[in-house]
Each structure stands twice: as C-alpha cells, then as structure tokens.
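Counting begins at 1 with the first residue of the sequence.
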Amino acid sequence: MHTDGTVSITVNGEHKRVTAGLNLLQLAEELGLVPEKLAVERNLEVVPRSTLGDVIVEDGDELEIVHFVGGGDHGKVDDDSWSVAGKTFRSRLIVGTGKYKDFEQNAAAVAASGAEIVTVAVRRVNVSDPNAPMLTDYIDPKKITYLPNTAGCFDAESAIRTLRLAREAGGWELVKLEVLGEARTLYPDMVETLRATEILAKEGFLPMVYCVDDPIAAKRLEDVGAVAIMPLGAPIGSGLGIQNQVTIRLIVEGAKVPVLVDAGVGSASDAAVAMELGCDGVLMNTAIAEAKDPILMAAAMKAAVEAGRLSYRAGRMGKRRYADPSSPLAGLI
C-alpha cells in the first residue's frame, strides 16, 4: 500500500491506483461497471461472482474483467399487417383450395397456415347433385376472405365473364385475375391479362393480377388498375422455387401496390426467400396440397413466411469476400 492510501493493480493490462481496502464488488462499481454482468479473474484464478464482495483488492493484483459483447435486447415485434385495396390482413400467406383429397383436409390446412385469404375457382354448380358438399360448408366465408380467381381462362373475355358471374353470386370485387397463354406451361398471356385488367378496373373490380416476373409488365398492370402484382416464381405447380430473384426484387422496388409471389413455391425455404426479397406475401396451393402431410406443411409455410418477413425487416448483413470475426479482437485476454 502506498503512503496516500492507495494500492497499485493491473486491470485488463492497464496499471491503476485505487483506494486501499476496496473489495472487487466495490472496485467494479468504482469503475462504472455492472457486477451482475461481469466475470473477474484475479491473479489467474476466476473469482466466483457470489464472492466479489468478500475479496479485497491487494497491491500488485492482476485482474481480468470480461463481459459478453454483441447481442442486446430485441425490440418488440410490432403488428406487421398489410393492406390491399383498403382491406387489412395480418397473415401474409394466401392459400389455394385445389388438389386436396377433400374439403375437410383443405379446411384443416387453412387453419394450420393461419391464412386469412383463400383463392377459389369459379365453377358451374353441380345441378345433378345440388346437395353435394360445398367449400363454404368447411371454410366459412364470413371468417376467411374468399378470393375468386379465373383459373383455366385462356382469354380476356372468359376471365371477365367469370368474374362478372362471381360478383353477381357473392358480391366479390376483390378478385384474382389470371389469363393463361397455353396449357403446357400455364404462363400468363400478358397481352390478354393487361386488357382484362383494364376492363375489370373500369367496371369497379379490384384485380390482384397473376403475371410474368417482368418489372415493365408489372408497372403497366399497376397503371391500368391492378391493386396487387402477383409475379410467378416458377411455373404453376412446379415447386421449383423462385427462379429469378433479381426480377422479383426489381418488381418490389418499383411497385406502389402490394407484390406477392404467386406460383412455383415448393418448400418452406422458397416462401422465406420470397419474403426476404421484400414481397408483401406469398400465394401457394400445390406446395401444401401435394405435400405428404399437407397440415404439417401448412404450418411450416406459416412459420417460413413469418420468418422471412422478420428477416427482411431486420435487414440482412452485408456480404463479404473474406472472414470477419464474430467476437471483437480488441480486449482479448
């Protein structure tokens, strides 16, 4: 001890003079540290945190004081709803209602997915058996938003006619428009799609439009009245995943209406990729309906969409050509 009532110690390689008689707990507080978050080594021996108040600092002590760096408190994950044509939804997953073995399985998959919107094909009523089960018996349109679509239409006229009938039958104005070019690829015919979109918008419909993954075509659809742009990730029912992330991202960046990947998703990772690109949502049918366990896959898709969205909002780290240490090199023992 020095004549001024201090002792000389070394803390993390730095020489210090501190008041004699301090215990390690008092020393930590004097240094402005929070003892509960520290680990202390004294003369190469770790001091249990519970005894910091009992160990007196002595002249010549060598101390290493460490804490964990990185991490931190997670901010509250706030309500992250999205809107289309004035309607607001919490789930960003839209599921189809085709290819299931029965309506009961379809309903269970919708429940597991957490989806608030389902697409429904407009078909003729079965006049030979008017008592046959109907989708509405299993999925309540008062609880789940029905999105009539024009699946199977290969020209603007048939698509427009189908949706006019849908509006007459159920009052639907928010609809899913798809006009296919051919049966082999089920690629959209963009000339007919643009024409149908413009006519439907003028008639008061709110069309969410299936289209090619082309940012120019997407912009033109928006200009003529599309309330949502729905580019394909890959051919319908292929399960190939998103084949061109660049164009999907360009569509997202240029659109002023929601963008949802429609078609091509095969696995949960595909759905997460779509959301990480900044899409507002994902629409899928076959990926769930043709899974070995559709109910389990529906739950997986729900989790993937939510995770992908959180990842997008969090902001991806930058890519580097070389390694970068996770733990800071400064302050190592």
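- Among residues at least two apart or in separate chains, side-chain hydrogen bond (donor to acceptor under 3.5 Å, both in side chains) pairs with a member in residues 280-298 are Lys99-Thr286.
- A distance-only check finds no donor-acceptor pair linking the side chain of Glu30 to the backbone of Gln26 [under 3.5 Å].
- Screening residues 227-253 for salt bridge (Lys or Arg N to Asp or Glu O under 4.0 Å), with sequence neighbours left out, gives Arg249-Glu253.
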Can you give the donor-acceptor pairs under 3.5 Å from side chains of residues 262-273 to other protein atoms, not counting sequence neighbours?
unit_1, atom_1, unit_2, atom_2, d
Asp262, OD2, Lys176, NZ, 3.0
Ser267, OG, Ser269, OG, 2.9
Ser267, OG, Asp270, OD2, 3.4
Asp270, OD2, Gly266, N, 2.9
Asp270, OD2, Ser267, N, 3.0

**Study point:** CA sep, side-chain torsions, deciding dist, call: Ile288, Tyr100, side-chain contact (heavy atoms from CB on, under 4.5 Å)
**Key:** CA-CA 9 Å; Ile288 296 176; Tyr100 291 92; 3.3 Å; yes
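- Side-chain atoms of Asn43 come within 3.5 Å of backbone atoms of Glu62 as a donor-acceptor pair (strictly under, hydrogens ignored).
- The cluster map of Ile, Leu, Val, Met, Phe, Trp and Tyr, joined by side-chain heavy atoms under 4.5 Å apart, puts Val175 and Ile94 in different clusters.
- In this structure, Val110 is not a member of the same hydrophobic cluster as Ile295, with clusters built from ILVMFWY side-chain heavy atoms closer than 4.5 Å.
- Thr162 and Thr150 are not linked by any side-chain donor-acceptor pair at a separation below 3.5 angstrom, with hydrogens and angles left out of the test.
- Contact between Gly152 and Leu180 at its shortest, heavy atoms only, is N-CD1, 4.1 Å.
- Formation of a donor-acceptor pair under 3.5 Å by the Glu173 side chain with backbone atoms of Arg167 is not found in this model.
- Electrostatic pairing of Arg164 and Glu203 counts as a salt bridge here, judged by a charged N lying under 4.0 Å from a carboxylate O.
- In the hydrophobic cluster analysis, where Ile, Leu, Val, Met, Phe, Trp and Tyr join through side-chain heavy atoms closer than 4.5 angstrom, Val259 is grouped together with Val257.
- The backbone N or O of Thr119 lies less than 3.5 Å from a partner atom in the side chain of Thr97, making a donor-acceptor pair.
- Under a 3.5 Å cut-off, the side chain of Arg309 and the backbone N or O of Ala304 do not form any donor-acceptor pair.
- Val84 and Val282 are assigned to two separate hydrophobic clusters, defined by single-linkage of ILVMFWY side chains at heavy-atom distances under 4.5 Å.
- Using a 4.5 Å cut-off on side-chain heavy atoms (C-beta onward), Val212 and Met190 make contact.
- When only modelled atom types and interatomic distance are considered, Ser158 and Asp155 share a side-chain donor-acceptor pair under 3.5 Å.
- Residues Asn23 and Asp54 bring no donor and acceptor atom of their side chains to less than 3.5 Å of each other.
- Listed by first then second residue, pairs satisfying side-chain hydrogen bond (donor to acceptor under 3.5 Å, both in side chains) with a partner in residues 232-246 number zero, not counting sequence neighbours.
- The salt bridge (Lys or Arg N to Asp or Glu O under 4.0 Å) pairs that include a residue from residues 186-195 are Glu157-Arg195, Glu192-Arg195, where partners are two or more places apart or lie in different chains.
- Taking the six-membered ring for Trp and thresholds of 30 and 60 degrees, Trp172 and Tyr146 have nearly parallel ring planes, at less than 30 degrees apart.
- Note on Met230: it clusters hydrophobically with Val227, by side-chain heavy-atom contacts below 4.5 Å among ILVMFWY residues.
- For Arg90 and Asp80, the salt-bridge test fails: no basic side-chain N is under 4.0 Å from an acidic carboxylate O.
- You'll find the side chain of Val46 stays beyond 4.5 Å of the side chain of Val40, heavy atoms only.
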Determine, stepwise, if the pair Leu232 / Tyr210 fulfils side-chain contact (heavy atoms from CB on, under 4.5 Å).
CA-CA 7 Å; Leu232 54 80; Tyr210 167 65; 3.3 Å; yes
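- Annotation: side chain to side chain contact (heavy atoms under 4.5 Å, CB included) contacts of Glu276 (sequence neighbours excluded): Ser311.
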